[in-house]
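Keep in mind that this is a model prediction, so the values were computed, not measured.
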Amino acid sequence: MSMIDTMSMTHARPTSLDLMFPKELIPLDVSAQLPSDLQMRPLASTDYRRGHLDVLSVLPVNDLSEAAWVNQFHVMRATPNAYFSIVVLDKASDKIVGVGTVFIHHKFLRGLGSVGQIEDIAVAKSYQGKKLGLHIIQALTHISESSGCYKTVLNSNDANIAFHEKCGYAKLATEMVKYAPERVNHTSKL
């Protein structure tokens, strides 16, 4: 068996993947800035196995089974034009090395405007310092703006403010948060 045959069996081609949204929404000028051994694409239904949660582990993450992860993927994808999760994939290892999501809020304000909310930006430690976070934020901002959002919001902690300013974001306000009490059953009540 040739090397090409072996690679095609182990690494799924983007066209054969079950993606969260059409890959054409990711701007070519952003993905072209990645090193040639990396690829940016929408999250796929099989990305649990490529280490999606491993990369997100720099953030507070609950341990999910693959079945629960796949179910959440389908719930998010079933809401059209609302959730846009992207990944950066190391082509050689077929492992995810960067992630991010923008979701779209539809409002009654601003002429029934929409707001993009960027969250869950994470880059694997061994890939940090290669501007992957910048490229992920640029792609998500483009998706937000292309979706007609009048603004895109990116929450930041103090340690990341300078980085987010380099990405074109400005400090605007203080965010307040109240977390729900810890629940035994983490399933949605909706």
Going hydrophobic residue to hydrophobic residue with side-chain gaps under 4.5 angstrom, can you get from L59 over to I96? yes
Side chain proximity check, K107 to S114, heavy atoms < 4.5 angstrom: no
Tell me, do M40 and V87 make a side-chain contact under 4.5 Å, heavy atoms counted? no
With a 4.5 Å limit on heavy-atom distance, are the side chains of T46 and L17 in contact? yes
Of all heavy-atom pairs linking A92 and D90, the shortest is N-OD1, 3.0 Å
Residue pair A124 / V55: nearest heavy atoms and the distance that separates them: N-CG1, 3.9 Å
Least distance between heavy atoms, V70 atom then S45 atom: CG2-O, 3.7 Å
The reported gap from CZ in F163 to NZ in K131 (rounded to nearest 0.5 angstrom) is 10.0 Å
Residue among V153, N160, N155, I118 satisfying side-chain contact (heavy atoms from CB on, under 4.5 Å) with Y169: I118
Would you check if the side chain of K95 reaches a backbone N or O of R49 as a donor-acceptor pair within less than 3.5 Å? yes
Of L43, T101, L25, the one forming a side-chain contact (heavy atoms from CB on, under 4.5 Å) with F84 is L25
Taking the side chain as everything from C-beta on, heavy atoms only, tell me whether L56 gets closer than 4.5 Å to L53. yes
L89 versus R41: any side-chain heavy-atom pair under 4.5 Å? yes
Atom of Y48, atom of L64 and distance for their closest heavy-atom approach: OH-O, 2.9 Å
Smallest heavy-atom separation, S31 atom then I26 atom, equals CB-CG2, 4.5 Å
Tell me whether T79 contacts the main-chain N or O of A82 through its side chain, where contact means a donor paired with an acceptor under 3.5 Å. no
To the closest 0.5 Å, what do you measure between NE2 (H135) and SG (C167)? 10.0 Å
To the nearest 0.5 Å, what is the distance between CG on D120 and NE2 on H52? 7.5 Å
Any donor-acceptor N/O pair, D94 side chain to K91 backbone, under 3.5 Å: no
Assess whether salt bridge (charged side-chain N to carboxylate O under 4.0 Å, His left out) is satisfied between D18 and R77, documenting all intermediate values. CA-CA 10 Å; D18 181 24; R77 189 178 61 187; 2.3 Å; yes
So how far is it from Q117 CD to E119 CD, rounded to the nearest 0.5 Å? 4.5 Å
Specify the closest pair of heavy atoms between D47 and P42, including all atoms of both residues, with the distance to one decimal. OD2-O, 4.3 Å
Pair V102-S144, side-chain contact (heavy atoms from CB on, under 4.5 Å): steps then yes or no: CA-CA 7 Å; V102 63; S144 175; 4.1 Å; yes
Is there a donor-acceptor pair under 3.5 Å between the side chain of Q128 and the backbone N or O of V123? yes
Taking S146 for the side chain and I143 for the main chain, is one N or O donor matched with an acceptor at less than 3.5 Å? no
Nearest 0.5 Å, what's the CD1-CD1 distance between I86 and I121? 7.0 Å
Indicate yes or no: at least one non-hydrogen side-chain atom of L132 is less than 4.5 angstrom from one of L34. yes
Just how far is it from atom CD of Q138 to atom CD of Q33, taken to the nearest 0.5 Å? 5.5 Å
Do N81 and I104 have side chains that get closer than 4.5 Å, going by heavy atoms? no
Do I136 and V99 make a side-chain contact, defined as non-hydrogen atoms from C-beta onward lying under 4.5 Å apart? no
A cation-pi test, strictly: NZ or CZ of K130 under 6.0 Å from the centre of the six-membered ring of Y127 and no more than 45 degrees from its axis. Yes or no? yes
